[in-house]
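Everything on this sheet refers to the single structure shown next.
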Amino acid sequence: MNEIVRVRFAPSNTGHLHVGGARTALFNWFFARHHGGTAILRVEDTDRERSTEAYYDAILEAFDWLGLEWDEGPYRQTERMDIYTEAAKKLLASGDAYRCTCTPDDVEEMRKKARAEGKSPKYDGTCRGRYDKDPDRPFCLRLLTPDEGETVVADLLTGEVSFPNEQLDDMVIVRTDGTPTYNFCVAVDDADMKITHVIRGNDHLSNTPKQLLVYKALGEPPPRFAHISMILGTDKKRLSKRHGATSVLEYRRAGFLPEALINYLVRLGWSLGDQEVFTRDEIIENFSIENLNRSAAVFNPEKLLWLNQEYIKTGDAGRLLALLEDRLHERGLDTALLSREARLALVEELRTRAQTIEEMADGARIFFTPEVEYDEKAVAKFLKPGIAAPLIKVRDALAGVEPFAAQGVKTAFEEVLEAEGLKMGKLAQPVRVAVTGGTVSPGIYETLCLLGKDRSLSRLDAALGKIGD
RNA sequence: GGCCCCAUCGUCUAGCGGUUAGGACACAGGCCUCUCAAGCCUGGAACGCGGGUUCAAGUCCCGCUGGGGUCACCA
């Protein structure tokens with residue numbers, strides 16, 4: 001590619017950054033990085049009713065978390081009104097746009113009528129050529145659109161798609177209140193920003209001919225387009241809230257790692273042979289529009305979970321610990337109860353047992369509580385009177401272990417097992433319930449060592465007390 | 001409904017005229033084992049249908065069916 005690639009991602013701040021939007025942003029960003037081009041963020045905030053500053057901030061925060069840096073922007077359309085006004089004036093002067101004094105109600109009537117006659121509902125062109133007939137009446141600006149012929153979109157993914165102009169309206173480009181409309185702003189902005197490739201969702205394909213007409217009227221060369229497939233829910237319906245978490249920030253909250261989300265989203269619709277796990281650099285190196293799939297993809301939370309654990313299993317322990325500690329602190333737990341060395345060791349134990357950082361926090365909990373909280377069902381099943389004697393022996397053997405490390409703990413267990421003629425399975429589980437309160441934890445030696453001698457012994461004593469009851 | 005897009009295991013996908021149709025998630029069974037995981041092994045599971053083109057079609061063409069998108073003075 002000879003030209004310098006310039007792409008943009010253009011969300012509207014009427015909601016959180018959706019995973020579908022994030023995926024589109026990712027494709028744009030990786031495309032730019034692959035070609036050494038420029039990635040631009042442009043927020044389309046012209047909907048005064050629904051846009052909010054809170055969503056604007058949340059979108060930036062989501063990108064910040066994902067680690068996507070934009071080379072230009074964020075631009076905001078509300079700060080670029082002069083540019084649209086200028087472009088509109090130009091089109092009015094050239095005759096490509098005209099004043100329309102029909103009211104929305106009038107237009108609604110036309111559409112109804114056309115529909116009744118079995119024709120496609122559209123504005124009937126009443127005000128075409130009526131320049132300034134009624135200067136006092138409020139007006140909007142419409143784009144003069146050919147009635148015949150066709151407008152073809154040369155799409156990098158889909159190929160040439162042609163739309164009969166007869167299907168197209170003389171669309172409003174400036175509202176009666178003077179504000180420019182979406183399809184107009186997009187084309188003006190993309191032209192003004194010298195965008196070379198527009199990579200966006202398939203739902204915009206039918207907007208493209210309208211925008212192409214604006215380019216033509218403006219006398220600007222259009223960019224190239226690539227309309228990517230959309231993300232669907234399990235029921236094959238467009239992914240929405242009722243399918244579960246849809247915003248990027250929700251995934252952060254749920255304990256996902258940004259690189260896992262990125263990997264999953266990029267792999268959804270893009271592939272490189274049989275490879276499933278990619279580093280950011282590998283994606284940058286290999287990304288291409290040609291390898292994008294044209295069909296819609298169903299969002300599969302389970303595969304995302306699997307990928308997240310893949311990253312948890314191989315991630316830097318210090319980083320994972322920091323993430324884990326934030327969550328433990330949120331739960332009001334004191335992480336200083338364990339040395340940093342022990343906390344790091346805990347991460348090693350938990351990384352193969354958790355699919356999210358949140359799950360890791362669940363597993364870590366018992367190591368940071370001052371007292372054991374017993375699961376009564378587990379107690380009833382494993383802490384029966386008959387186990388009291390072996391448990392006391394374990395307690396006493398453990399009391400003599402110094403240093404309190406895996407090897408010594410193991411030896412202590414083996415002695416008790418031998419003396420009592422017990423199998424490991426008969427002893428480990430009661431001990432586990434005694435010191436953790438439940439039936440699930442890392443290996444029993446590791447669990448005891450992590451807990452430390454003092455808490456292990458006191459918890460064993462507490463459990464023995466329960467058997468006594 | 002008009003216009004437009006799409007179509008390989010349940011899901012994500014590889015395949016770019018000749019393959020025992022491959023991988024991944026999930027699922028099932030097994031191994032390992034102090035619980036839960038992780039790991040390892042094994043298994044079931046797909047070319048939507050009908051016509052063409054061709055010596056040969058999952059791959060190319062047409063139709064059907066199915067799914068999705070879009071038809072605003074929202075973005």
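The figures that follow rest on heavy atoms only: side chains count, while hydrogens, waters and symmetry mates do not. By convention in this document, chain letters (A, B, ...) are assigned in the order of the sequence lines, proteins followed by strands, and residues within each chain are numbered from 1.
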- Rounding to the closest angstrom, what is the interatomic distance between B:rA57 and B:rC12 at atom P? 28 Å

- Between B:rC25 (P) and A:Phe299 (CZ): distance, integer Å: 17 Å

- Item | Length of the CG-C1' vector between A:Leu272 and B:rA24, whole Å | 14 Å

- Counting only side-chain N and O atoms of A:Lys313, is one of them less than 4.0 Å from OP1 or OP2 of B:rG39? yes

- A:Lys210 side chain N/O closer than 4.0 Å to the phosphate oxygens (OP1, OP2) of B:rU70? no

- Message: Please report the distance, rounded to the nearest Å, between CG in A:Leu307 and P in B:rA26.
- Response: 10 Å

- Query: Under 6.0 Å from the six-membered ring centre of A:Phe382 and within 45° of its axis: does the NZ or CZ of A:Arg432 meet both?
  - Reply: no

- Message: I need the CG-C1' distance between A:Leu292 and B:rC16, as an integer number of Å.
- Response: 16 Å

- Any A:Ser271 side-chain N or O less than 4.0 Å from OP1/OP2 of B:rA14: yes

- What's the closest nucleotide to the A:Arg353 side chain, out of B:rU35, B:rU11, B:rG23? B:rU35

- A:Arg238 side chain near B:rU70 phosphate (N/O to OP1/OP2, under 4.0 Å): yes

- Message: Pair A:Glu373, A:Arg365 - check salt bridge (charged side-chain N to carboxylate O under 4.0 Å, His left out), show working.
- Response: CA-CA 11 Å; A:Glu373 292 158 21; A:Arg365 189 173 186 285; 3.1 Å; yes

- Task: For A:Ser12, answer base if it contacts any base atom (sugar-phosphate contacts may also be present), sugar-phosphate if it contacts only those atoms, and nothing otherwise; contact means non-hydrogen atoms under 4.0 Å.
- Result: sugar-phosphate

- Message: Taking the minimum atom-to-atom distance to the side chain of A:Asn183, which one of B:rG23, B:rA75, B:rG67 wins?
- Response: B:rA75

- Query: Quick one: do the A:Tyr98 and A:Asp170 side chains pair a donor with an acceptor below 3.5 Å?
  - Reply: yes

- Query: Looking across every strand, which nucleic acid part, if any, lies under 4.0 Å from A:Leu268 by heavy atom: base, sugar-phosphate, or nothing?
  - Reply: sugar-phosphate

- Between B:rC16 and B:rC3 - P atom distance, rounded Å: 35 Å

- Task: Check the pair A:Lys303, A:Glu310 against salt bridge (charged side-chain N to carboxylate O under 4.0 Å, His left out), reporting the backbone distance first and the verdict last.
- Result: CA-CA 10 Å; A:Lys303 187 155 184 181; A:Glu310 288 299 304; over 6 Å; no

- Within this structure, what is the CG-to-P distance between A:Leu383 and B:rU35, rounded to whole angstrom? 17 Å

- Item | Separation of the C1' atoms in B:rG43 and B:rU33, to the nearest angstrom | 23 Å

- Do the numbers put A:Arg267 on top of the ring of A:Phe278, so that NZ or CZ is under 6.0 Å from the six-membered ring centre and no more than 45° off the axis? no

- Taking OP1 and OP2 of B:rG68, is either one under 4.0 Å from a side-chain nitrogen or oxygen of A:Lys237? yes

- Message: Between A:Asn308 and A:Thr356, is there a side-chain donor-acceptor contact under 3.5 Å, judged purely by atom types and distance?
- Response: no

- Testing B:rC34, B:rG23, B:rC36 for proximity to the side chain of A:Glu446, the answer is B:rC34

- Message: Side chain of A:Ser206 only, heavy atoms from C-beta on: which candidate in B:rU70, B:rG10, B:rA75 is closest?
- Response: B:rU70

- Opposite nucleotide pairing with B:rC64, Watson-Crick or G-U, both atom distances under 3.5 Å: B:rG48

- Message: Whole angstroms only, please: what is the CD-C1' distance between A:Glu290 and B:rA14?
- Response: 17 Å

- Note on the structure: Closest to the side chain of A:Val172, out of B:rU70, B:rC34, B:rC73, is B:rC73

- Query: Can you find a side-chain donor-acceptor pair between A:Asp235 and A:His243 that sits under 3.5 Å?
  - Reply: yes

- Query: Base, backbone or nothing for each nucleotide of nucleotides 58-66 of chain B, written B, S, -, heavy atoms under 4.0 angstrom, 5' to 3'?
  - Reply: ---------

- Message: Taking any heavy-atom pair under 4.0 Å as a contact, classify A:Pro442: base, sugar-phosphate, or nothing.
- Response: base

- Kindly indicate whether a cation-pi arrangement holds for A:Arg111 with A:Tyr123, taking the cut-offs as under 6.0 Å to the six-membered ring centre and within 45° of the axis. no

- Run the side chain to side chain contact (heavy atoms under 4.5 Å, CB included) check on A:Glu415 and A:Thr411 step by step: do they pass? CA-CA 6 Å; A:Glu415 283 168 11; A:Thr411 307; 3.7 Å; yes

- Can you find an N or O donor on one side and an acceptor on the other, under 3.5 Å apart, linking the side chain of A:Gln275 with the base of B:rG23? no

- Item | Opposite nucleotide pairing with B:rU70, Watson-Crick or G-U, both atom distances under 3.5 Å | B:rG2

- Pair assignment for B:rC27, Watson-Crick or G-U wobble, requiring both distances under 3.5 Å: B:rG43

- Note on the structure: Taken to the nearest whole Å, NZ/A:Lys426 to P/B:rC34 is 13 Å

- Item | A:Phe27 and A:Phe9 aromatic centres sub-6.0 Å | no

- Want to settle it: does A:Arg48 or A:Tyr445 sit nearer the 5' end of RNA chain B, counting the closest nucleotide to each? A:Tyr445

- Task: Give a yes or no on whether a salt bridge exists between A:Glu414 and A:Lys410, defined as a side-chain N under 4.0 angstrom from a carboxylate O.
- Result: yes

- Whether each nucleotide of nucleotides 4-9 of chain B has a protein heavy atom under 4.0 Å at its base (B), only at its sugar-phosphate (S) or at neither (-) is summarised, 5' to 3', as SSSS--

- Item | Distance, P atom - from B:rG30 to B:rU35, rounded to whole angstrom | 15 Å

- Answer with base, sugar-phosphate or nothing: what part of the nucleic acid does A:Gly269 contact at a heavy-atom distance below 4.0 Å? sugar-phosphate

- Item | Listed nucleotide nearest any side-chain atom of A:Lys303, set B:rU13, B:rC73, B:rC25 | B:rC25

- Rounding to a whole Å, what distance do you find between A:Asn207:CG and B:rG69:P? 14 Å

- Item | Gap in Å between the two P atoms, one belonging to B:rC6 and one to B:rG48, rounded | 15 Å

- Minimum-distance nucleotide to A:Asn300 side chain [options: B:rA24, B:rC25, B:rA75]: B:rC25

- Message: Give me the distance, rounded to whole Å, that separates B:rG58 from B:rA72 when you measure between the C1' atoms they each carry.
- Response: 42 Å

- Query: Among B:rC25, B:rA75, B:rC73, which is the nearest nucleotide to the side chain of A:Trp306?
  - Reply: B:rC25

- Have a look at A:Gly425 and say if it touches a base, only the backbone sugar-phosphate, or nothing, with a 4.0 Å heavy-atom cut-off. sugar-phosphate

- Query: A:Ala297 has a side chain; which of B:rU13, B:rG69, B:rA75 sits nearest to it?
  - Reply: B:rU13

- Within the structure, does a side-chain N or O atom of A:Thr46 lie under 4.0 Å from either OP1 or OP2 of B:rA75? yes

- For the residue pair A:Asn183 and A:Thr181, confirm or rule out a side-chain donor-acceptor distance under 3.5 Å. no

- Message: Let's test this: given Watson-Crick or G-U wobble pairing with both distances under 3.5 Å, identify the partner of B:rU33.
- Response: none

- Distance-only side-chain donor-acceptor flag, A:Asn202 / A:His227, under 3.5 Å: no

- Identify whether any heavy atom of A:Glu276 sits under 4.0 Å from a base atom; if not, whether one sits that close to sugar-phosphate; answer base, sugar-phosphate or nothing. base

- Task: Between B:rC36, B:rU13, B:rC34, spot the one nearest the side chain of A:Val440, thanks.
- Result: B:rC36

- Verify whether one side chain among A:Tyr311 and A:Asn263 offers a donor that lies under 3.5 Å from an acceptor in the other. yes

